[in-house]
Amino acid sequence: MQKLQEIAADYMQVKNQVYQRYGGIRSLSKLYPGYTIQNEMTKSGLRETLELPSVYFYLAVFDALRDIKSRWSRTKAAVLKRINDNEQMSEEEKHFVRYILKVSNAFESVLNHSPLKLPKELQKQYDLLASGVDVRKLCNYVRRQVRNCHGKLCADTADGFSIAERAYRYADHGIYISVKEKRKRIFVPLTDHNVYTRQLYVRLYPEEKALEIQVPVDIQVKRHEDYTAHVGVSLGMRMMLVTDAGRTYGEEFGAYQEQLSDWIQEQRSIYSKNKEANPGRKKYQAKKHRLEEQLHSYINQELNRFLRTEKPGVVYMPKLPKPGGAGPVKRINHLAGTWQRGYIKNRLELKCREQSIRIVEVFAKGISRECSRCGAEGQCQGELFICSACGYRTDRKANAAGNTRKRGENRS
Ligand SMILES: [Zn+2]
C-alpha cells in the first residue's frame with residue numbers, strides 16, 4: 001500500500017503543477033492541441049525530481065489537462081447561461097458575446113487584452129456583430145463574468161492514479177503493478193476475474209488496505225469498426241515511419257530535422273563568437289520555437305495519414321533505447337538534439353488511445369539483423385536487408401518493422 005501511495009502522492013503533485021501552470025487565462029492558447037504543455041512539462045524536470053516513471057507522469061499531465069479543458073467548458077456554459085438570463089442585454093449584444101464565447105481566438109484575445117487575429121471569414125462575422133454594439137463594455141462584461149465563474153483547480157487527496165496498459169499485467173489471480181523502483185512490480189490479488197487491456201484508474205483505500213480498479217468509460221474516444229489490421233512499424237531519423245509491408249510515412253521528416261539542426265548549429269557558432277555582444281536570445285528562442293512547431297505539425301499530419309491509410313486495430317512499435325546511450329546514434333550526434341523520437345512516440349500513443357487502437361511495445365534487441373521471414377541472421381547493405389539463408393531481400397526498415405510485428409504477435 002505504501003508503494004502505491006507514493007505513486008498517488010506524486011501523481012497528485014504533477015496534476016497540481018499542471019493546474020497551477022496552465023489553469024489560468026494566459027495558458028488558454030496552449031491547451032489545444034496540448035503539445036506545448038506536454039513538452040514544457042517534460043522540460044520542467046519535475047519527473048526526474050520525483051523519480052516518477054514516465055508511464056505515470058504523462059497520464060497525470062493528460063489527466064490534469066482534461067480537467068482544465070472541462071473547467072473552461074463549464075465556465076463558458078455558466079457565462080452563456082447568465083447572458084441568456086440577462087434581461088437588460090439586447091439581442092445584438094447577446095449575439096456578440098456568444099460569438100466571443102464560441103470562437104476561441106476571440107475569447108483568448110478578450111481575456112488577455114491581446115490584439116484580435118481572425119481568419120478572413122470569421123473577421124467578417126466579427127465586424128458585422130461588433131458594428132452595432134459597445135465592444136469595450138461587452139468585453140469588460142465577459143472578463144468580469146469569467147472571473148466570477150472560473151474556479152481554481154486543485155487536487156488535495158492522493159487517493160489514486162491512472163495506470164496505462166504497459167504498467168500492469170494480469171496473472172496469478174491478481175494484477176502486477178509497476179512501482180517507482182525500476183523494473184519492479186508489486187502483486188495485488190483480485191476478487192474478480194475481469195481482465196482489461198486499457199487505461200485504468202487505481203483507487204486506494206489505505207485504511208482498509210484495499211484498492212479498487214476503476215474502468216473509465218471514455219465517450220470521446222472514437223472507435224472505427226473497420227480498423228482491424230495488425231501493423232508493425234519502425235521509426236527512423238530520415239524516414240519517420242516504415243510499416244512491415246514497406247509503406248512509408250514522413251518522407252520529408254529527415255529534411256525538416258536537418259533544417260532545424262543546421263540552423264541551431266549555425267546560431268550556436270554565431271552566439272559563441274559574439275558572446276560579449278550578447279545577441280538577442282529572445283529572437284533565437286522564437287525562431288527555434290517556430291521551426292519546432294513546423295516539424296511537429298508535419299509529424300502529426302503524417303501520423304494521422306498513417307492511421308487513416310493503414311486502419312490498424314493493433315500497432316506494434318519497437319521499445320526505444322534510452323536517450324543519450326552510445327551506439328549507432330553517436331554517429332549522428334549533431335542531430336540527436338533535434339531527434340524527435342520521444343515526441344513521435346508520445347503522439348502516436350495518444351492518437352491510438354483516442355481512436356481505440358491498441359499499441360504494443362516490443363522488445364527490440366537484434367531487430368534489424370534478424371530476417372523477418374525465416375529468423376536467420378542477415379546482412380544490411382545500405383538501405384537493403386539481405387538474408388542469405390532464405391534469399392529474402394527487402395528494405396532494412398521494413399524488415400525491422402516485420403520483426404516488430406512478429407514479436408508482438410507472438411507475445412500477445
Ligand atoms: Zn531469411
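Residues: numbered from 1 along the sequence shown. Whatever order the structure lists them in is the order used to number ligands and atoms, beginning at 1.
- Identified under the salt bridge (Lys or Arg N to Asp or Glu O under 4.0 Å) test for residues 164-177, with sequence neighbours left out: E165-R358, R166-E349, R166-E361.
- Under the side chain to side chain contact (heavy atoms under 4.5 Å, CB included) criterion, L116 pairs with A106, S109, L118, Y126, not counting sequence neighbours.
- The residues R290 and E293 are annotated as not salt-bridged, no charged nitrogen and carboxylate oxygen being separated by less than 4.0 angstrom.
- Ring planes of Y168 and Y170: perpendicular class, angle over 60° (limits at 30 and 60°).
- Nearby protein atoms of type N, O or S around the Zn ion (ligand 1) amount to 4 (distance under 2.8 Å).
- A salt bridge between E370 and R407 is present, with a side-chain N of the basic residue lying under 4.0 Å from a carboxylate O of the acidic one.
- Residue pairs that meet the salt bridge (Lys or Arg N to Asp or Glu O under 4.0 Å) test with at least one member in residues 41-63, sequence neighbours left out, are K15-D63, D63-R66.
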